[in-house]
Amino acid sequence: MPAPEIKFYNSLTKSLEPFEPIAPPSVAMYNCGPTVYDYAHIGNFKSFLFADVLRRFLELAGYDVRQVMNLTDVGHMTDDAVADGGGQDKMAAAGERLAEAKKSGKLPQGVDLDPNDPYAIARFYGDAFIEDAKQLGIKVASEPDHLPRATDHVDNMQVIIKTLIEKGHAYVASDGAVYFSVQSFPSYGRLSGNTLDELRGGAGGRVSESNQAVKRHPADFLLWKPDESHLMKWDSPWGTGYPGWHIECSAMAKAVLKQDIIDIHTGGEDNIFPHHECEIAQSCGATGEDSFARFWMHGRHLMVEGQKMSKSKGNFYTVRQVIEGGFTGRAVDPAVLRLELIKAHYRSNMNFTAKGIEDSASAVKKVRVFAKEVAYDPAQASWHGVEHEALTEFIAALSDDLNTAKALGVMFAYLNEPAEDVVVSHAMLAAFDQVFAVINSAEAASAGGEADMVQNKIDAMNRARQDKDWATSDAVRAELEAEGYEVKQTKAGIVATKKLA
RNA sequence: GGCCGUGUGCCCGAGUGGACUAAGGGAGCGGAUUGCAAAUCCGCGAUUCGUCGGUUCGAAUCCGACCACGGCCUCCA
């Protein structure tokens, strides 16, 4: 397929740049993934879905994408007032929550885990994340080799730390901890637009005096912390302890993608500083290269009903809560949630609303109705080799810094045209769904008891209708609708389908 | 305070100097259809793009000021 010029907004240069991989058609992409000491929420998934859409689009454009998304299973600290190793380990906090849940019988069915075992906790939430991600159609969730866990790469982190010390980019301070020296890396601050002077000013009051005292510069950040008492600890040349929270991504990107410079690195906007700034310093400091990722792409944060998401406001939703109806009061098809989280441009502050969910449900339905009309079979269809003006426009829209909203418009405009050659329609749907992934092959089967309930009500309606007892028929129909079903009369009889949202 | 960014119909959201008589979706309204509905199909809807100026033959699109809103600045996707 003749790929148009692809342009992405690069956070590093704050400008739109033509995208050229280092070794086409291969693209090496690293996405900052979830921390696995709690369920990931819809804001997290906005970021992960952004990465998934990016990967899917690049594949549509003919690239061979190697995508890596890490699972952070080392517990970081809860207390930001002492950023370099204070407060409570988040994994330990998760253990306490789980122990509480276990005691009160609130653990999910069939789950029995030891709240004192951090690895079991990480496994539990890691599995939950993968399950959620698969439901939302995130491709990498089905590629276990591309979901590295930080605890499996502690040795790789130590290799980098050792190199950084040798090259003068890191030092062991008087408290025994290893810090990265930001002054040894002149371009520190380039990504975030910070300068060392500003960071020095901003450090006052937020970082504990005792920690600051041992560092050469207030912005120096932790690479290794010797701490025998820590919940998760590993032996190292600098004492038994744990790694700093930026080093894992530098280590895993290099280890799994097997190259020093990668093509794309993504994350949420909050990752820009300090996380990604520190990653660049570590990776480039160790490799000697002048870049770590050629493109840095960051998604904006998600708002919920016009407000910033936060636990204190109580507007903090996990994927499973939304799907099970905890947000709208009615079960939501995962494809609807997916579309809702990708329909706006990734660099806009999208507002997550109940109204938006309803809109997306109608949109998903529209696509599925069209697919059904042309007897689309995802297992048979392929976009490869198809040529159509709408496909060209579709790719052009996404080539423009991943403009999903415009691409969605192109898709619906095509769907409004009368379907010409069915083979072409199938190929077009395959192309659209390669990116949006909302069609799904199988319709979700209702649970056993529910299917019986539905059939009973349909039978009751039919009996009433035979007697022209419209009042009874309407009453039963209202019951079905109250259960979240859409009831329609067709030539073949009454059909009840579960609403998408 | 520093640095980013946003403001388009009832809602979401494209459009970044002339095919804009402003895409597409949702909601609404009118019609077809229906026992009534639902679903589906057809049709309608911004003389206007936060405000005020400026540049230009021409601006939602460029520039300036102002207003409003959001984000980041060592917990956070």
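Here the structure is a predicted model, which means the values were calculated and not measured. Naming: A, B, ... by sequence-line order, numbering from 1 per chain.
Nucleotides B:A77 and B:G71, compared at atom C1', are 13 Å apart to the nearest Å. B:C20 sits 16 Å from B:G45 when the P atoms are compared, rounded to a whole Å. For the C1' atom pair drawn from B:C49 and B:A14, the interatomic distance equals 13 Å after rounding to whole Å.
Residue A:Lys14 places its NZ atom among more than 12 non-hydrogen atoms of other residues, nucleotides or ligands, all under 6.0 Å distant. Residue A:Arg347 places its CZ atom among more than 12 non-hydrogen atoms of other residues, nucleotides or ligands, all under 6.0 Å distant.
In this entry the distance linking CD1 of A:Ile272 with P of B:G5 reads 11 Å, nearest Å.
No side-chain N or O of A:Glu305 forms a donor-acceptor pair with one of A:Asn351 less than 3.5 Å apart.
Within the nucleic acid shown, A:Ser473 comes within 4.0 Å of at least one base atom, counting heavy atoms only. Residue-level contact check: A:Gly299 touches neither bases nor backbone, having no heavy atom under 4.0 Å from any strand. Across all strands, A:His298 comes closer than 4.0 Å to no nucleic acid atom at all (heavy-atom distances). A:Asn351 comes within 4.0 angstrom of nothing in the nucleic acid, heavy atoms only. Contact annotation for A:Lys14: no contact, since no heavy-atom pair falls under 4.0 Å across all strands. Counting non-hydrogen atoms under 4.0 angstrom, A:Ala405 reaches a base of the nucleic acid.
Every residue two or more places apart in sequence or in another chain that forms a side chain to side chain donor-acceptor pair (under 3.5 Å) with A:Asp459 is listed here: A:Gln455.
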What protein N or O atoms touch nucleotides 36-42 of chain B N or O atoms at under 3.5 angstrom, if any, and at what distances?
residue	atom	partner	partner atom	Å
B:C36	O2	A:Arg477	NH2	2.8
B:C36	N3	A:Arg477	NH1	3.1
B:C36	N3	A:Arg477	NH2	3.0
B:C36	N4	A:Arg477	NH1	3.3
B:C36	N4	A:Gln489	OE1	3.3
B:A37	N3	A:Arg477	NH1	2.9

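Residues A:Phe436 and A:Phe394 place their aromatic rings such that the two centres sit under 6.0 Å apart.
Stem analysis of RNA chain B (at least three stacked-register Watson-Crick or G-U pairs, each with both distances under 3.5 Å) gives B:1-7 with B:67-73, B:10-12 with B:24-26, B:28-32 with B:40-44, B:50-54 with B:62-66.
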